[in-house]
Amino acid sequence: MTRVYTGSNPVGAVMKNTYDLFNGKDLEIAELIQQRRLQLLVHSRIYYNLDSNIVSDKKWDEWARELKTLQEHYPDIAKKVMWYDAFKDWDASTGAFLPLDHEWVVRKANQFVSKKVIPVKSKVKKKSAKKRLF
């Protein structure tokens, strides 16, 4: 049974469903599938629509391959976890064609980008070697 949520918080609504449907090892797998789907949606939105990134391409690829493997090994669980329709034929090569304009995805991506920490270069100057006069 796949549920589609159009409200502003599909994550909370589906988590209750996930906890009602699964327990033990199946629950752990369902949670990981859900986590990876949400991460890939949000970080794809950040990359493709906000022209920024928080995670490296390598990390995104890692998550994508892991999700693809989980969905292949546990198809019955994957079908019951949120965003199934968006990821059912997904090949893990890109996030460009995922539903990146969904209200929840847009809001989460904007929250992450607004909190992005940009490394500040140190203002401490290196000591320069003093020239000797003699």
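Index from 1, following the sequence. This one's a predicted model, so the numbers in the text were calculated from it and none came from an experiment. Values below: every heavy atom of this structure, side chains too, minus hydrogens, waters and symmetry copies.
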What is the distance from atom [atom1] of [X] to atom [atom2] of [Y], rounded to the nearest 0.5 Å?
X: F112; Y: I46; atom1: CZ; atom2: CD1; result: 6.5 Å
X: L70; Y: Q34; atom1: CG; atom2: CD; result: 13.0 Å
X: S44; Y: W63; atom1: OG; atom2: CH2; result: 10.0 Å
X: Y48; Y: L100; atom1: OH; atom2: CG; result: 8.5 Å
X: L38; Y: K108; atom1: CG; atom2: NZ; result: 9.5 Å
X: N110; Y: L50; atom1: CG; atom2: CG; result: 5.5 Å

Side chain proximity check, [X] to [Y], heavy atoms < 4.5 angstrom:
X: V55; Y: Y47; answer: no
X: D85; Y: K88; answer: yes
X: V42; Y: W104; answer: yes
X: T18; Y: M82; answer: no

Do you know the tightest heavy-atom contact between [X] and [Y]?
X: V105; Y: P99; value: CG2-O, 4.0 Å
X: I54; Y: V113; value: CD1-N, 4.2 Å
X: Y84; Y: A78; value: CD1-O, 3.5 Å
X: I33; Y: V81; value: CG2-CG1, 4.0 Å

- State whether E62 and K58 are salt-bridged, where the test is any N-O pair (Lys NZ or Arg NE/NH1/NH2 against Asp/Glu carboxylate O) under 4.0 Å.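 Judged by the 4.0 Å cut-off on N to carboxylate O distance, E62 and K58 do not form a salt bridge.
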- Item | hydrophobic_cluster_shared for L27 and I77, side chain cutoff 4.5 Å | yes
- Query: Are L98 and R37 close enough, and set up right, to give a side chain to side chain contact (heavy atoms under 4.5 Å, CB included), and what steps lead you there?
  - Reply: CA-CA 10 Å; L98 295 172; R37 286 178 180 172; over 6 Å; no
- Task: Taking atom CG of D91 as the centre, report whether more than 12 heavy atoms of other residues, nucleotides or ligands fall under 6.0 Å from it.
- Result: yes
- Query: In terms of side-chain heavy atoms, does Q71 have a donor or acceptor partner in R36 at a distance below 3.5 Å?
  - Reply: no
- Query: Which residues satisfy the salt bridge (charged side-chain N to carboxylate O under 4.0 Å, His left out) test with R45, sequence neighbours excluded?
  - Reply: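 Per chain and number, R45 pairs via salt bridge (charged side-chain N to carboxylate O under 4.0 Å, His left out) with D101.
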- Item | ring pair (Phe, Tyr, Trp, His ring centres under 6.0 Å) involving F87 - partner list, sequence neighbours excluded | W90
